[in-house]
**Student:** 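If you scroll down you'll find the structure; I have some questions about it.
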Amino acid sequence: MNWKLSFKIALTHLVTKKKQSMIAMLGVMFGISMFIIMISFMTGVNQFLEDITMDNTPHVRIYKPIEIQDRKIISEQRAPSERDWYVVQHQKPKNDMPRIKNGLQVMASIEDMPEVKGVAPLVASQVFYNNGPVQIPGTINGIDVRKQIAVFGLDTKMDFGKLEDLLKGGDMLVMGKGLAEKMGVSVGDRVSVTTPEGNNLTLKVAGIFSFGIAAMDETRSYATLATVQKILQKDPSYITDINIKMKDVNAASVFRKKLENQIPGVYVEDWETANASILAGDKIRNILTAVVCITLLTVAGFGIYNIMNMNIINKMKDIAILKATGFQGGDITGIFLLQSLMIGVAGGVLGLLIGFFFSYLLSKAPFPAASFFRISTFPVNFKLSHYVAGLSFGFLTTLFAGYFPSKKASKIDPVQIIRG
Amino acid sequence: MSIALQADNIVKYFLEPEKFQVLKGVSFDVKQGEFLSIVGKSGCGKSTLLYILSTMDTDYEGSLSIKGNKLTGKSQNELARFRNEHLGFVFQFHYLLPEFTALMNVMLPALRLGRYSKEEVEERAIAKLRLVGMDEYAHKHASKLSGGQQQRVAIARALINDPAIIMGDEPTGNLDKANSTRVFDIFRELAQDNQQTIITVTHDMDFANRSDRIIEMQDGLILDIHEPAR
């Protein structure tokens, strides 16, 4: 079969029916451009949400949970062979501190593992921030400032002051924006902090940060490990959490199992478990995006199918002549399939351009977010793979939409048409 | 003289609206270079017979061979290839592709055949258009030509691959006297000078009487085959 000739005939048909071809092409164009805009925006939003969560979420977190043990303490003194019954009403947890045993050594050994990008220790404690007679509950996290910067980029979240100032010594902390507002303090002011055990310390505000997550910004503050250990009156080896960033995020759950086997007596949690609800949200948004995009492309496909069908009905006479003069079924299929593909490719490429243009505009449009969001324009993703997918979708839809009418055209019996 | 076309006991039924025998066993030979006319009243089956001879209609009984090739039972695609190479058609209602120029209309079957390069095909197409006196309209769109002009372009198209047999279904059916004489003269010349076989179905007894042989049909049968009464 002679593709060049089929192409020439197909092109002539398209050019002589400009209006019809344009309308068919606009259908594809609209579908593809909406696809690009939708997917760029949706994945942008997903990415944004994932980023604000993942920035502050360790990929793997090791901590010591306080749990009520099922094992009755009283039974520990007896040999297991004694079949006695002990009933302990309302057993309290042991005064077991949430300390990770040999935390710093464990941390050092994890740091050497090849899968790990960085490790940061944490001493977390619940505290009250005293604002005159009012106590505001919250948490204070003691951090290794340099490691926290290296692993979590905490310094990029600072609105006022510098995180490194904590290293200058003296009792200082940085606090969340929402918390600072509640307290009515700004950089340089002093706040008084009370631990659940009743220890009290006055700290100077060295800076104010915001994550864009209200729950964190309204309750949390950071100080050095030493400062928090001091408030809690603990020794310098006391740490409650080890936060790990992985080289490959998706290896977290495998790595978690490895750590669980290696370090006894702690609880290891990966980010997928910790953020299950966010991941579910991501999935739902992705499904929505896919459904909307497929709908758009299907509608465009049906548009092409209709137009091609009409086109073939209009061209019955021509098809009969071509067949009478020696064109075979395959040639006829080729001619009409090529028409449909030309519509698809032209509409697809235009759709990509327009989709890119509008998603670019969107990415520059100011986002009317609440002030605590660290974002000023709409989150939009520009990914080559979306554009490739858009074009191939357009190509495939038009291929399918064009195939059936073209097949029908090839089956037209020239005698019936020529006889009239 | 060799046999160009041989039809043997051709039987054809129309199934719609009810089963009806259109051709009741038609057999005849056509020699190479012969100018044959098939005449008869409307509904006698002469056009149906021509479409069977043209290989476009494959739903018949009996057998058909052209230039010694048995064509009955071949696939649609094989027949299309055969038509492309060996058969030329001129229809009653001109039937050009309206989107293309006269020249392109003539060129298409040759480009499909692919025996010559595009430049050669163009040259040959111009030559065929000159033969029918249409070379000055070569670059006009088919839809802009008059009926007689379109008919002549259609003849040029039928000739482009130098087919062994040229078939015409009422080729002069809607032409005026001058144009129809012109078409006749072209056919005459092709048969005489190029030894191409012409088979036409016609109502026009003047036209038939000037051909080499006449097949008269009635009710699906050949009534008579005779030389025209001059």
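Scope of the values below: all heavy atoms of this structure, side chains included, with no hydrogens, waters or symmetry mates. Protein chains get the first letters and strands the later ones, always in sequence-line order, with residue 1 at the start of each. Keep in mind the model is a prediction, meaning the values are calculated, not measured.
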**Student:** Can you check whether anything in residues 11-22 of chain A gets within less than 4.5 Å of chain B, heavy-atom wise, and list it by number?
**Tutor:** A:T12, A:H13, A:T16

**Student:** Residue by residue, which of residues 47-57 of chain B have a heavy atom closer than 4.5 Å to a heavy atom belonging to chain A?
**Tutor:**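 Heavy-atom contacts from residues 47-57 of chain B to chain A are B:S47, B:T48, B:Y51, B:M56, B:D57.
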
**Student:** Against B:M134, only a single residue in B:V153, B:I155, B:L103 fulfils side chain to side chain contact (heavy atoms under 4.5 Å, CB included); can you say which?
**Tutor:** B:V153

**Student:** Taking atom CD1 of B:I10 and atom CG of B:L23, what is their separation to the nearest 0.5 Å?
**Tutor:**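 Answer for the CD1-CG pair, B:I10 versus B:L23, is 8.0 Å.
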
**Student:** Counting only heavy atoms not in A:Y360, do more than 12 fall under 6.0 Å of its OH?
**Tutor:** no

**Student:** Tell me, yes or no, whether the heavy-atom count around B:F100 atom CZ, taken from other residues, nucleotides or ligands under 6.0 Å, exceeds 12.
**Tutor:** yes

**Student:** Measure distances from B:E99 to the heavy atoms of chain A and classify the residue's part below 4.5 Å as side chain, backbone, both or neither.
**Tutor:**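 Answer is both: backbone and side chain atoms of B:E99 are under 4.5 Å from chain A.
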
**Student:** So which residue, B:L113, B:L87, B:L79, B:L111, ends up with the most heavy-atom pairs under 4.5 Å with chain A?
**Tutor:** B:L111

**Student:** Would you confirm whether B:Q76, through its side chain, and A:G329, through its main-chain N or O, come within 3.5 Å as a donor-acceptor pair?
**Tutor:**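 No; judged by distance alone, with no hydrogens or angles, the pair does not exist.
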
**Student:** Output the distance between atom OG (A:S359) and atom CZ (A:F382), rounded to the nearest 0.5 Å.
**Tutor:** 4.5 Å

**Student:** Does B:R112 pair with A:D331 as a salt bridge, N-O distance under 4.0 Å?
**Tutor:**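 Result for this pair is yes, salt bridge flagged.
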
**Student:** For the NZ atom on B:K74, are there more than 12 heavy atoms of other groups (residues, nucleotides or ligands in this structure) within a distance under 6.0 Å?
**Tutor:**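 Yes - once you tally the heavy atoms of other residues, nucleotides and ligands closer than 6.0 Å, there are more than 12.
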
**Student:** Only one of B:L96, B:L129, B:T101 passes side chain to side chain contact (heavy atoms under 4.5 Å, CB included) with B:V106; say which it is.
**Tutor:**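 Result for side chain to side chain contact (heavy atoms under 4.5 Å, CB included) with B:V106: B:L129.
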
**Student:** Enumerate by number any residue of residues 313-320 of chain A whose heavy atoms lie under 4.5 Å from heavy atoms of chain B; in the absence of such residues, state 'none'.
**Tutor:**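 A:K315, A:K317, A:D318 fall under the 4.5 Å cut-off.
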
**Student:** Kindly list each side-chain donor-acceptor pair under 3.5 angstrom involving residues 388-396 of chain A, sequence neighbours excluded, with atom names and distances?
**Tutor:**
from, atom 1, to, atom 2, distance (Å)
A:S392, OG, A:V388, O, 2.6
A:S392, OG, A:A389, O, 3.3

**Student:** Are A:F404 and A:Y305 an aromatic pair, judged by ring center distance below 6.0 Å?
**Tutor:** no

**Student:** Are the side chain of A:S40 and the backbone of A:V380 linked by a donor-acceptor contact shorter than 3.5 Å?
**Tutor:**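 The answer is no, because no donor-acceptor pair under 3.5 Å joins these two groups.
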
**Student:** Given 3.5 Å as the limit, does a donor-acceptor pair link the side chain of B:Q150 with the main chain of B:G147, or not?
**Tutor:** no

**Student:** State whether B:Y60 and B:K12 meet the cation-pi test: NZ (Lys) or CZ (Arg) under 6.0 Å from the six-membered ring centroid, and within 45° of the perpendicular axis.
**Tutor:**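 Not flagged: B:K12 not positioned over aromatic ring of B:Y60.
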
**Student:** Out of B:T58, B:L108, B:N161, which one racks up the most heavy-atom pairs below 4.5 Å with chain A?
**Tutor:**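 Ranked by heavy-atom pairs under 4.5 Å with chain A, first place is B:L108.
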
